[in-house]
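Only this structure's heavy atoms are used, side chains among them; waters, hydrogens and symmetry mates stay out. Residue numbering restarts at 1 for every chain, and letters A, B, ... go by the order of the sequence lines.
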Amino acid sequence: MTPPDGFDPARAGFSRPSRSRARPESSMADDAPTPTRDYRETVFLPETPFPMRAGLPQKEPQILAKWDEQNLYHAIRADRQRAGAPLFVLHDGPPYANGAIHIGHALQKTLKDFVVRSRFLLGYDVDFVPGWDCHGLPIEWKIEEELRGQGRRKDEVSKAEFRTRCREYAAHWIDVQCQGFKRLGVIGDWENRYATMDFASEAAIVAEFHKFVASGQLYRGSKPVMWSPVERTALADAEVEYHDHVSPTVWVKFPVTEGSDAARGASVVIWTTTPWTIPANRAISYNEAIAYSVYVVEQIQGGLEFEPWAAPGDRLIVADKLVADVMDAAKVAKYRRVEPVDCQGMVCEHPLANLDPHYQFGVPLLAGDHVTDDAGTGFVHTAPGHGADDYMVWIAHGHREIPETVDPDGAYYPHVALFAGLKVLETEGKKAGKFGPANPAVIEKLIEAGRLLARGRLEHSYPHSWRSKAPVIFRNTPQWFIRMDEPVETKELGGRTLREAALEAIEATAFYPAQGKNRIRSMVESRPDWLISRQRAWGAPLAMFVDKETNQPLHDPEVDARIVEAIKAEGADAWFNRPVTDFLGPHDPERYEKVEDILDVWFDSGSTHAFTLENRAHTKWPADLYLEGSDQHRGWFQSSLLESSGTRGRAPYDAILTHGFTMDENGEKMSKSKGNTVDPEVVIRESGAEIIRIWAAMIDYADDSRIGKTILQTTSDAYRKLRNTIRYMLGALADFSPDEAVELDQMPPLERFILHRLWELDGQVRAAYESYVFQDVIRPVLDFCQEDLSALFFDIRKDSLYCDRPDHLTRRAARTVMHETFERLTAWLSPLMPFTMEEAWLTRFPQAHSNCLRTLPQTPGEWRNDYESSRWAKVKAVTTVVTGELEIKRQAKEVGAALESNPLVQILDRDSLEAFEGLNPAEVFRTSDCELGNPDWDDHLAAQAPAGYLSKQFNRPDVGHVYVTHRAASGEKCERCRRRLPEVTAPKFLCVRCDDAVAAWDAARA
RNA sequence: GGGCCUGUAGCUCAGUUGGUUAGAGCACACGCCUGAUAAGCGUGAGGUCGGCAGUUCGAGUCUGCCUGGGCCCA
């Protein structure tokens, strides 16, 4: 292979003085001319103390310490307040103070910090007070566990001590989580963080509760609620989870006492999975749309190992559709349909009536839509105290008395004949949560009474407590509710119902993403009255008195005020510890019952706006934004909506932003048992919080997002790219002074193009931050760094930056544009990557206070340049053909560096050729020289093109109008700038430009 | 079981009102440079757009069903 013209390996060796350190000048005893000096010192290489590798795990804590020292958040606010900036309020949804932070917390607080910092950047005065949710069952449960560990029963511990321990426990985790959130770089009013257990908060929550009492929105209902006997408490829907569970099933006969001739003498058959509710039975429900008949048993199945309870001659009433199933369960081989039955007005006797007078009452049949013929017998055993449907059908038929059958431990009350004291569930010891003796006892008695038709077992989905994992039961207890559907005659509600006010508030709220509105609306439309009472210890109390005669809450503003004052001073404990006379004043203590229930924790969290956004300086109610996970449509968004609508007639927020959940790398839910969790603390220790932040910025947070090893690696790569871009600019701008800045009309085309891109990005970044789409900040900026800066601008201007005289226009223009770029990059990215942008800013301006104090720099409209934008698109297309040709020659070992080439570039398309007007093609292609033109118009080029050049030269199908031929650059290599030009000669081996630059360099140092 | 959402290269994401051969960045392979060097530049490979069926001249885009995943609820 012949080397290309002008390529002399020997000289190539000379041309790299920087690598010839070990080679003594004299040892190369040949005749090749030697450069007279090493020009390296005259080259303006980038210089910066900003290291390539960040060392974030060490660097971040230093930056945090400085921010802390500067009191950064308050410093920014003070700055904005001095400038009269508009206020923006992001109200923090409180995490529960019972454990270390996980990746979901990290994502959420990071997103919140993006909001806070970007609003600061946009020029707002931002109020953000982090908070914690402290009351509630999970913490109580932890403390009970601790007590058990010490061998103490809960009963042995005073309520006051118990509450103190809960308070200490929550305080501990607030501290831990606070450190975790701060470490992520989250800024806010940490010193004045709120907590629902603060005395002032507890007082405010109780005051909010009093508003509901005063406006008549509260009532005491006797209603079946989900009840956990193990925890002795009512549970909210959110505190219940469903698991498979094996229950006994029974088919029970209710002899008909009133009804048609055919019906009398027959028995209505019901099927249930909760035999223990039979003593509470008061009715049987049927559906008017279902056909029922009397059937007579004719023959029992043979070969059974036991005596079936059914016998020939038995007359049973069931749904026609289900008769086969029922007969099969009863081991009946043959049966006959007697006649259809109209259930209207029928009455049965209780199946235990013949065992005890207690059960001697009529059991009416009631029509209800909740009855189906999918399974069972077509009849539903109805115990108004133990099921929501049961309760409703019972009430709907005009009944008022709800039997109370089991006590808070889930044991039958003493008045329940045959079963007094028996427990539905075991509540203590190793068997806690297992079914107790109630079911078997009831089944035994049914057999004894001759009313059991059949029995079995069934595995089905059954509600369990989310905390104890024990099954729950429906139990009729007195509870306090907030009405959803009664017109409220307050100033705020103006005769609307709470549901109406809440639905109107939803319409008035902006949702990001928009689907959130449907989601919360459908929930509010259908939700039942708000059950707010809990029979627990750790929470804010329903601090009120009930008149024993009228059963109505005492409404006296002075009493309420005394209660709130006492709680403000001593916490909720005041309600439990102080004598009632302290609160009641002139009222007769004998006449009033003190309510000791505590409030649903959702009422606490629903009230956070009241004690955070009101009566504090520099904030406002309502908040501009609430930001939480999408599960909070049922949680905090809704509790806040209801609480605020009930007391203030509207939502406490103008907008709601939701994010999805964080999955593992395969899109699966994270769980400790699967071992696929990502611990934010580990990521911070190994890579830095900045990596978590970039991850949060790059994902589509509205959807569920993934995180794992690969994804974090990709994130780190993106970080490195951004960091190196910044670093290069810092190096290039090390000695830049505004004096050398170049005016726009003096700028070369490349600089104008970059300014145009800055203008374009400025609009994109502002719009993206306005609408909280952080992805649309980091992705375009990252692409800009990669494509426009690193691969184009920096790569082309390297030559000018390193080799041109400092006063050269191109070099000055390039540095001016880099300066403008640095100004904007460090601002645009500061909300997302505050650590690195702070480091960069302070590297450039060591005397500056903090990058975080800045607002977005204004970008002049004159920077917009559509001509340069389309020009460079065409230039880039031509460039791909040039690099394509060089790549082919490189593989053929004909060329190495692009500077060895002087390509012939023939462009047949007028537009593309004209795009090069005013450009130096060699500079653009980063070659030493270049000839470019259209051979059809240019005789010189035509002469150089061999016949049939189109077929012989390199061309890409996607840029069909461009043909390129590599030709070795002729001339010696300039020892300073490495270009090969004919003008370079011994002994200096410098091109004209470098000769001049070196002279200037020497003169400056003379 | 019901409601809502979701599935485009290994990863993160673009893909206009349906309209050429589905794109970008990173990662990967190969090469160049050795004056951004644990960096920089270039070239390349990589996708049945979750699957099936339909509407249409034409479907990643519209419709239905199925399937994987998620949240909420029962």
Side-chain angles (χ1 to χ4, degrees), chain A residues 16-19 39-40 43-48 50-53 237-238 240-242 374 388 460-463 513 515-516 518-520 522-523 526-527 629-635 638 658 660-669 694-695 697-700 702-721 723-732 775-776 778-780 782-787 790-792 794-796 798-799 801-803 879-880 882-891 893 895-900 926 956-958 976-978:
Chain A
R16 292 171 186 167
S18 62
R19 287 175 120 198
Y39 297 108
R40 200 169 200 276
V43 177
F44 308 106
L45 295 179
E47 231 183 284
T48 175
F50 190 81
M52 184 177 285
R53 284 169 62 80
D237 291 349
V240 169
E241 57 190 33
Y242 287 76
D374 293 344
H460 62 152
S461 186
Y462 190 87
Q515 301 95 284
N518 295 334
R519 200 163 167 179
I520 194 169
S522 64
M523 289 182 203
S526 60
R527 70 157 295 147
S630 58
D631 57 332
Q632 297 303 322
H633 286 109
R634 179 156 290 272
Q638 195 177 144
T658 49
F661 281 69
T662 305
M663 304 295 134
D664 76 356
E665 211 141 43
N666 302 314
E668 310 244 342
K669 195 181 194 142
I694 296 170
W695 166 76
M698 292 208 294
I699 57 170
D700 176 5
D703 198 356
D704 291 341
S705 43
R706 301 173 176 201
I707 194 166
K709 224 179 162 178
T710 323
I711 292 166
L712 285 169
Q713 187 55 51
T714 309
T715 310
S716 298
D717 290 334
Y719 175 76
R720 286 210 327 262
K721 184 76 224 174
R723 185 173 179 90
N724 272 313
T725 304
I726 297 279
R727 178 169 183 267
Y728 190 70
M729 283 188 284
L730 283 168
Q775 248 187 335
D776 288 354
I778 196 155
R779 178 54 59 189
L782 202 54
D783 287 351
F784 169 71
C785 288
Q786 177 61 35
E787 290 177 81
S790 196
L792 188 80
F794 296 169
D795 206 44
I796 290 175
K798 226 184 237 187
D799 172 73
L801 284 168
Y802 297 172
C803 302
T879 306
T880 62
V882 176
T883 52
E885 160 71 351
L886 289 179
E887 196 59 33
I888 287 170
K889 293 300 189 300
R890 215 168 255 144
Q891 274 159 32
K893 304 288 178 203
V895 68
L899 284 175
E900 289 166 15
R926 285 140 274 185
R956 300 169 56 108
D958 54 336
R976 186 158 171 276
C977 71
R978 296 169 177 174

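Look at the P atom in both B:rG19 and B:rA59: the space between them is 11 Å, to the nearest Å.
For the pair A:Arg706 CZ and B:rG68 C1', the interatomic distance rounds to 10 Å; values are reported in whole Å. What separates CD1 of A:Ile694 from C1' of B:rC13 is a distance of 16 Å, to the nearest Å. Put simply, CZ on A:Arg519 is 5 Å from C1' on B:rC72, counting in whole angstrom units. Distance A:Glu665 CD to B:rG69 P: 17 Å, rounded to the nearest Å. One atom, CD of A:Glu900, and another, P of B:rC32, lie 11 Å apart when rounded to the nearest Å.
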N/O-N/O pairs, protein side and nucleotides 38-42 of chain B side, under 3.5 Å:
from, atom 1, to, atom 2, distance (Å)
B:rA39, OP1, A:Arg720, NH2, 3.4
B:rG40, OP1, A:Lys721, NZ, 3.0
B:rG40, O3', A:Ser790, OG, 3.0
B:rC41, OP1, A:Ser790, OG, 2.6
B:rC41, OP1, A:Ala791, N, 3.3
B:rG42, O3', A:Thr883, OG1, 3.4
B:rG42, O2', A:Glu887, OE1, 3.3
B:rG42, N2, A:Glu887, OE2, 3.3

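Residue A:Ala718 is out of contact with every strand shown, counting any heavy-atom pair closer than 4.0 Å. No contact: A:Gly731 has no heavy atom under 4.0 Å from any strand. Residue A:Phe44 is classed as having no contact, given no heavy-atom separation below 4.0 Å to the nucleic acid. The residue A:Leu782 sits apart from the nucleic acid: no heavy atom pair falls under 4.0 Å. Using a 4.0 Å heavy-atom cutoff across all strands shown, A:Phe661 reaches sugar-phosphate atoms only and no base atom. Residue A:Arg527 is out of contact with every strand shown, counting any heavy-atom pair closer than 4.0 Å. Note on A:Asp700: only backbone sugar-phosphate atoms sit closer than 4.0 angstrom, heavy atoms only; bases stay farther off.
A:Trp695 places no side-chain N or O within donor-acceptor distance of the main-chain N or O of A:Ser716, the cut-off being under 3.5 Å. Between the side chain of A:Arg890 and the backbone N or O of A:Gly896, at least one donor-acceptor pair lies under 3.5 Å.
In this structure, the nucleotide among B:rA36, B:rG70, B:rG25 sitting nearest to the side chain of A:Lys669 is B:rG70. The nucleotide whose nearest atom lies closest to any side-chain atom of A:Arg978 is, among B:rC11, B:rA24, B:rU34, B:rU34.
Nucleotide B:rU34: unpaired (no Watson-Crick or G-U wobble partner with both distances less than 3.5 Å). With a 3.5 Å ceiling on both atom-pair distances, the Watson-Crick or G-U wobble partner of B:rC26 is B:rG10. In this structure B:rU63 sits in a base pair with B:rA53, meeting the Watson-Crick or G-U test at under 3.5 Å. The partner of B:rU17 is absent, by the rule that a Watson-Crick or G-U pair needs both atom distances under 3.5 Å. The base-pairing partner of B:rG1, taking Watson-Crick or G-U wobble contacts with both distances under 3.5 Å, is B:rC73.
Of the two residues contacting RNA chain B, namely A:Asp631 and A:Gly667, the nearest-nucleotide position lying further toward the 5' end is that of A:Gly667.
Shown are A:Asp717, A:Thr725, A:Asn724; of these, the side chain to side chain contact (heavy atoms under 4.5 Å, CB included) with A:Lys721 is made only by A:Thr725.
Within the 4.0 Å cut-off from OP1 or OP2 of B:rC26, not a single side-chain nitrogen or oxygen of A:Tyr719 is found. Applying the 4.0 Å criterion to OP1 and OP2 of B:rA14, one finds that A:Arg779 has every side-chain N and O outside that range.
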